[in-house]
Amino acid sequence: MVEIKSDAALQAMREAGRVVARALAAARDAAGVGVSLKELDEAARSVLDDAGATSPFLGYRPSFAPTPFPAVICTSVNDAVVHGIPTAYRLRDGDLVSVDCGARLEGWTGDAAITFTVGTPRPADLDLIDATRRALDAGIAAARAGARMGDISHAIGAVAGRARCGMPADFGGHGIGRSMHEDPHVPNRGRPGRGYRLRHGLVLAIEPMLMAGGSDHYRTDADGWTLRTTDGSRAAHIEHTVAITDQGPRILTLP
Ligand code: MG
Ligand code: MG
């Protein structure tokens with residue numbers, strides 16, 4: 001069931017979104033050569049604590065997962081696409097890191113992700129980040145009242161296709177509100193003019209995941225969580241929580 005949010009709820013979700021943005025910035029600021037993924041999690045966790053927010057990630061256990069998620073962020077390094085667990089792994093020069101974070105404040109949830117490089121960036125990684133950002137921007141631009149879900153999906157898929165990147169077909173964005181994952185699903189590929197009709201008060205997490213090798217194939221690590229490319233190519237993941245309004249798309253997870 002799709003829940004349409006009131007304007008008061010959109011305002012409350014904006015506050016949750018600000019906390020997410022701050023937590024992501026803290027994780028990024030903490031990152032550097034020799035810094036562990038656990039330290040990024042601690043940096044994000046202190047932002048949530050200071051804001052009086054809780055984590056929708058911590059303890060989360062969807063049907064596919066063998067264990068509850070143990071952290072407040074996902075950290076997906078290099079060929080990891082999404083859902084990486086922050087371990088004691090220490091970042092190395094040239095690593096490509098995606099950080100995904102959620103926050104729940106006053107009962108409302110925000111969800112966003114960033115991808116960045118550590119130390120000296122590889123030019124191909126900067127291109128991959130740029131393509132993923134353009135895919136997200138195109139998806140957000142299509143998130144207009146009166147349009148269809150397929151317009152968002154098609155916009156994302158077209159950018160990924162032009163960049164010759166693959167995307168894991170079973171994963172995409174989602175409705176979000178009191179829960180992190182609500183209806184409807186937001187596929188990262190689709191046909192324009194098809195699917196759920198978008199309207200004022202619908203809130204979606206839009207999240208392209210691009211794999212540089214061009215294949216859509218992925219595998220899951222033995223931890224049951226981490227998605228990885230099968231060809232060893234690198235991946236990027238950028239996400240915003242976006243409200244569809246009669247005044248146009250409103251990004252709720254900006255600082
Ligand atoms: Mg997320
Ligand atoms: Mg999400």
Side-chain angles (χ1 to χ4, degrees), residues 4-31 40 43-57 72-76 82 97-117 126 129-145 147 152 155-156 159 172-182 186 188 198-210 236-255:
I4 299 300
K5 277 77 184 180
S6 68
D7 287 350
L10 295 188
Q11 200 51 48
M13 290 187 74
R14 176 74 181 104
E15 295 310 313
R18 274 188 227 280
V19 176
V20 174
R22 284 208 300 276
L24 286 173
R28 182 180 189 148
D29 289 347
L40 306 195
R45 204 179 286 235
S46 68
V47 171
L48 299 193
D49 288 348
D50 289 350
T54 57
S55 170
F57 286 28
V72 306
I73 58 172
C74 300
T75 49
S76 305
V82 288
V97 187
S98 298
V99 177
D100 193 344
C101 183
R104 187 169 292 127
L105 187 70
E106 310 282 345
W108 295 99
T109 316
D111 183 13
I114 57 175
T115 299
F116 56 88
T117 57
L126 298 180
I129 291 170
D130 182 60
T132 308
R133 171 151 308 284
R134 283 186 286 110
L136 175 61
D137 289 347
I140 293 171
R144 299 196 162 270
I152 297 176
I156 293 168
V159 174
H174 48 90
I176 179 169
R178 292 191 179 276
S179 302
M180 180 164 61
H181 291 135
E182 299 184 351
V186 185
N188 282 332
L198 310 177
R199 55 185 163 127
H200 182 95
L202 178 67
V203 184
L204 303 173
I206 303 177
E207 47 182 314
M209 308 153 192
L210 270 58
H237 172 222
I238 310 181
E239 176 182 25
H240 269 307
T241 296
V242 179
I244 284 108
T245 80
D246 290 334
Q247 293 76 43
R250 189 186 301 164
I251 301 174
L252 302 181
T253 38
L254 288 175

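Source: prediction; values computed, not measured.
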Taking [X] for the side chain and [Y] for the main chain, is one N or O donor matched with an acceptor at less than 3.5 Å?
| X | Y | result |
| --- | --- | --- |
| Ser179 | Glu182 | no |
| Asn188 | Gly173 | no |
| Ser55 | Phe57 | yes |

Exercise. Should we count CD of Gln247 as having more than 12 external heavy atoms under 6.0 Å?
Worked result: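 Check passes, neighbour count above 12.
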Distance-only donor-acceptor hits, side chain of residues 107-115, under 3.5 Å, sequence neighbours excluded:
from   : atom 1 : to     : atom 2 : distance (Å)
Thr109 : OG1    : Arg104 : NE     : 3.3
Thr109 : OG1    : Gly177 : O      : 2.8
Thr109 : OG1    : Arg178 : O      : 3.2
Asp111 : OD2    : His174 : NE2    : 3.0
Thr115 : OG1    : Ser98  : OG     : 2.7
Thr115 : OG1    : His237 : N      : 2.9
Thr115 : OG1    : His237 : O      : 2.8

Problem set entry | Distance, nearest 0.5 Å, that separates OG1 of Thr241 from CD1 of Ile176 |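 Answer for the OG1-CD1 pair, Thr241 versus Ile176, is 4.0 Å.
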Problem set entry | Separation between CG of Asp50 and CZ of Arg45, rounded to the nearest 0.5 Å |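 Spacing of CG (Asp50) from CZ (Arg45) equals 13.5 Å.
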Without placing hydrogens or testing angles, list every side-chain donor-acceptor pair under 3.5 Å for residues 12-19, not counting sequence neighbours.
from  : atom 1 : to     : atom 2 : distance (Å)
Arg14 : NH1    : Leu252 : O      : 3.0
Arg14 : NH1    : Leu254 : O      : 2.9
Arg14 : NH2    : Pro255 : O      : 3.1
Glu15 : OE1    : Arg18  : NE     : 3.4
Glu15 : OE2    : Arg18  : NE     : 3.4

Problem set entry | Distance-only side-chain donor-acceptor flag, His200 / Thr245, under 3.5 Å |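 Side-chain D/A pair, His200 to Thr245: absent.
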Problem set entry | Arg134: side-chain hydrogen bond (donor to acceptor under 3.5 Å, both in side chains) partners, not counting sequence neighbours |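 Expected list: Asp130.
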For this session: Please report the shortest heavy-atom distance between Ile140 and Pro249, naming the atom on each side.
Result: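 Taking every non-hydrogen atom into account, O-CG, 3.3 Å.
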For this session: Grab the two heavy atoms, one from Leu24 and one from Cys101, that are nearest each other, plus how far apart they are.
Result: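 Of all heavy-atom pairs spanning Leu24 and Cys101, the closest is CD2-CB, 3.6 Å.
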